[in-house]
Amino acid sequence: MEKTWRWFGRKDRITLAMLRQIGVEGIVTALHDVPNGEIWTEEAIRDLCSYIESYGMRWSVVESLPVCEAIKYAGPERDALIENYKVSLANLGKCGVKTVCYNFMPVLDWARTDLEHKWEDGTTSLYFDYVRFAYFDIKILAREGAAADFPADIVAKVEELDKVMTDGDRHTLVENIIVKTQGFVNGNISEGDREPVRKFKSLLDLYKGIDRDALRENLRYFLAAIMPVCDEWDINMCIHPDDPPLDKVFGLPRIITSRDDIRWFLGAVDNPHNGLTFCAGSLSAGSRNNVVEMAREFAPRTHFVHLRSCNVLDGGNFIEAPHTAGRANLVELCRIFTREERRRNANGGIGLPMRVDHGKNILGDAEGGYNPGYGFYGRMWALGQVTGMMAAVENELNTK
């Protein structure tokens with residue numbers, strides 16, 4: 001698999017010169033300075049392609065070409081926004097950028113409650129505490145009917161937690177859940193927003209009346225509209241699973257969380273260009289998901305692989321695990337996707353880009369000013385581990 005790295009553009013503290021030295025072959029990035037919904041011009045795409053190529057790499061994957069909220073909730077501007085999206089896709093195709101990762105999560109992208117959860121060895125990683133997540137929903141967001149969306153024992157724990165939470169604790173929870181994990185990926189909430197909770201609630205209100213079936217239909221509508229462009233320019237769209245893989249988040253449905261969801265999604269628009277970003281981390285955060293079995297089933301429709309892993313803990317909590325541990329079994333995933341890549345190559349197809357994801361903070365990453373989950377040394381260490389896994393798998397397959 002092609003070894004890629006998520007890079008946040010020329011302002012990223014991690015430079016392309018650094019990435020070339022550690023064995024990165026392809027870059028995963030986006031036009032982060034273009035507001036959501038506006039057209040990505042051919043000129044801007046070519047400029048970034050040329051810049052990446054000047055360092056001996058290529059722009060392998062777009063992550064992400066954001067899907068605007070109005071497309072997700074079917075607002076009156078939906079069709080105009082889809083037309084812009086189609087133009088951007090065509091421009092990417094003209095420039096040779098053929099893989100586009102995106103998500104269809106309403107309002108909130110991936111969520112964690114603790115961005116620096118400490119391990120005994122002094123490293124830190126991302127962590128999801130279900131009680132604190134419920135606390136944000138019930139006590140800080142104060143969403144109507146929120147308590148009914150959680151088990152009674154979780155609500156009781158929220159009440160106990162409320163007795164000891166300080167203003168600083170609440171501020172940190174807001175920052176972790178809806179600010180720091182969102183703004184750097186063209187999110188709806190940015191650092192510096194004066195009233196992020198109020199703004200967040202107003203975004204949730206846009207989805208009134210949108211249930212699971214409606215959101216599914218809106219995704220199907222979007223994909224059906226863009227597939228002709230994907231067919232023309234041979235562009236692979238690969239949806240990212242919902243993270244965390246809960247059925248609802250803040251009262252809004254999540255529709256890409258499980259094997260059944262992915263089966264529905266791939267069948268709803270049955271086109272080979274409609275595929276999956278197989279994010280082992282997101283999927284392994286759900287205890288119902290057998291990640292290895294899902295990889296075997298969905299490998300033929302996977303266009304991009306995120307290799308990371310989680311451990312599911314008691315009470316609905318989960319933690320980002322080291323890349324050699326956790327529920328995902330990355331060694332077996334390397335076998336599955338290497339075999340799939342070989343099958344494609346034998347039939348004249350293209351390879352599979354892979355990136356490590358959400359590495360632990362090590363060796364000063366926490367002080368480096370990096371985006372949450374995207375430190376340098378921790379991801380470099382993870383890339384080294386996964387590179388070793390892939391080399392072992394290649395050797396194993398070559399000797400059989």
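Only this structure's heavy atoms are used, side chains among them; waters, hydrogens and symmetry mates stay out. Remember, it's a predicted structure, so these values are computed and weren't measured experimentally. We count residues from 1, following the sequence as given.
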Student: Give a yes or no on whether Arg288 atom CZ has more than 12 heavy-atom contacts from other residues, nucleotides or ligands under 6.0 Å away.
Tutor: yes
Student: Classify the ring geometry between His117 and Tyr127 as parallel (under 30°), tilted (30 to 60°) or perpendicular (over 60°).
Tutor: parallel
Student: As a quick check of understanding, evaluate side chain to side chain contact (heavy atoms under 4.5 Å, CB included) for Ile262 and Ile256, giving each step before the final call.
Tutor: CA-CA 6 Å; Ile262 296 170; Ile256 309 292; 4.2 Å; yes
Student: Would Asp47 and Arg10 count as a salt bridge (charged side-chain N to carboxylate O under 4.0 Å, His left out) here? Give the steps.
Tutor: CA-CA 12 Å; Asp47 178 67; Arg10 291 176 170 91; 3.2 Å; yes
Student: Would you call Met165 and Arg132 a side-chain contact if the rule is heavy atoms closer than 4.5 Å?
Tutor: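 In contact.
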Student: Can you spot which of Glu320, His306, Arg379 makes a side chain to side chain donor-acceptor pair (under 3.5 Å) with His358?
Tutor: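 Of the listed residues Glu320, His306, Arg379, the side chain to side chain donor-acceptor pair (under 3.5 Å) partner of His358 is Glu320.
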Student: Quick one: is the NZ or CZ of Arg327 closer than 6.0 Å to the six-membered ring centre of Phe318, and within 45° of its axis?
Tutor: no
Student: With salt bridge (charged side-chain N to carboxylate O under 4.0 Å, His left out) as the criterion, how do Arg296 and Glu332 come out once you've worked through the C-alpha distance, each side chain's angles and the decisive distance to 0.1 Å?
Tutor: CA-CA 10 Å; Arg296 290 193 183 107; Glu332 186 59 27; 3.3 Å; yes
Student: Check for a donor-acceptor pair, side chain of Asn84 on one end and backbone N or O of Gly37 on the other, with a separation under 3.5 Å.
Tutor: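 Yes; at least one donor-acceptor contact below 3.5 Å.
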Student: In this structure, is the centre-to-centre distance between the rings of Phe337 and Phe304 below 6.0 Å?
Tutor: no
Student: Please find out if less than 6.0 Å separates the ring center of Trp110 from that of His240.
Tutor: no
Student: Between the side chains of Arg216 and Asp261, is the shortest nitrogen-to-carboxylate-oxygen separation below 4.0 Å, so that they form an ion pair?
Tutor: yes
Student: Within a reach of under 6.0 Å around OH of Tyr102, are more than 12 heavy atoms found that belong to other residues, nucleotides or ligands?
Tutor: yes
Student: For a salt bridge (charged side-chain N to carboxylate O under 4.0 Å, His left out) check, start with the C-alpha distance between Arg343 and Glu340, then their side-chain angles and the critical distance, and finish with the verdict.
Tutor: CA-CA 5 Å; Arg343 183 193 67 79; Glu340 172 60 23; 2.6 Å; yes
Student: Where do Thr41 and Arg46 land on the side-chain hydrogen bond (donor to acceptor under 3.5 Å, both in side chains) test, with the steps shown first?
Tutor: CA-CA 9 Å; Thr41 66; Arg46 288 196 186 280; over 6 Å; no
Student: Look at Lys86 together with Asp79 and state whether they make a salt bridge at an N to O cut-off of under 4.0 Å.
Tutor: no
Student: Apply the side-chain contact (heavy atoms from CB on, under 4.5 Å) test between Val100 and each candidate in Leu65, Ile239, Val61; give the one that qualifies.
Tutor: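 Between Val100 and the candidates, side-chain contact (heavy atoms from CB on, under 4.5 Å) is satisfied uniquely by Leu65.
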Student: Is it the case that one hydrophobic cluster holds both Val305 and Trp59, taking links as side-chain heavy atoms less than 4.5 Å apart, direct or via other members?
Tutor: yes
Student: Check step by step if side chain to side chain contact (heavy atoms under 4.5 Å, CB included) holds for Asp169 and Thr172.
Tutor: CA-CA 5 Å; Asp169 293 334; Thr172 297; 5.7 Å; no
Student: Mind jotting down which residue pairs meet the side-chain hydrogen bond (donor to acceptor under 3.5 Å, both in side chains) criterion with at least one end in residues 134-153? Sequence neighbours excluded, please.
Tutor: Tyr135-Asp162, Tyr135-Arg170, Asp137-Arg143, Lys139-Glu159, Arg143-Asp149
Student: Please indicate whether Lys248 has more than 12 foreign heavy atoms, meaning atoms of other residues, nucleotides or ligands, lying under 6.0 Å from its NZ.
Tutor: no
Student: For atom NZ of Lys157, decide whether the heavy atoms of other residues, nucleotides or ligands shown that lie under 6.0 angstrom number more than 12.
Tutor: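 Counting neighbours around NZ of Lys157, 12 or fewer heavy atoms of other residues, nucleotides or ligands fall under 6.0 Å, so no.
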Student: Can you hop from Leu48 to Val28 via hydrophobic side chains spaced under 4.5 Å?
Tutor: no
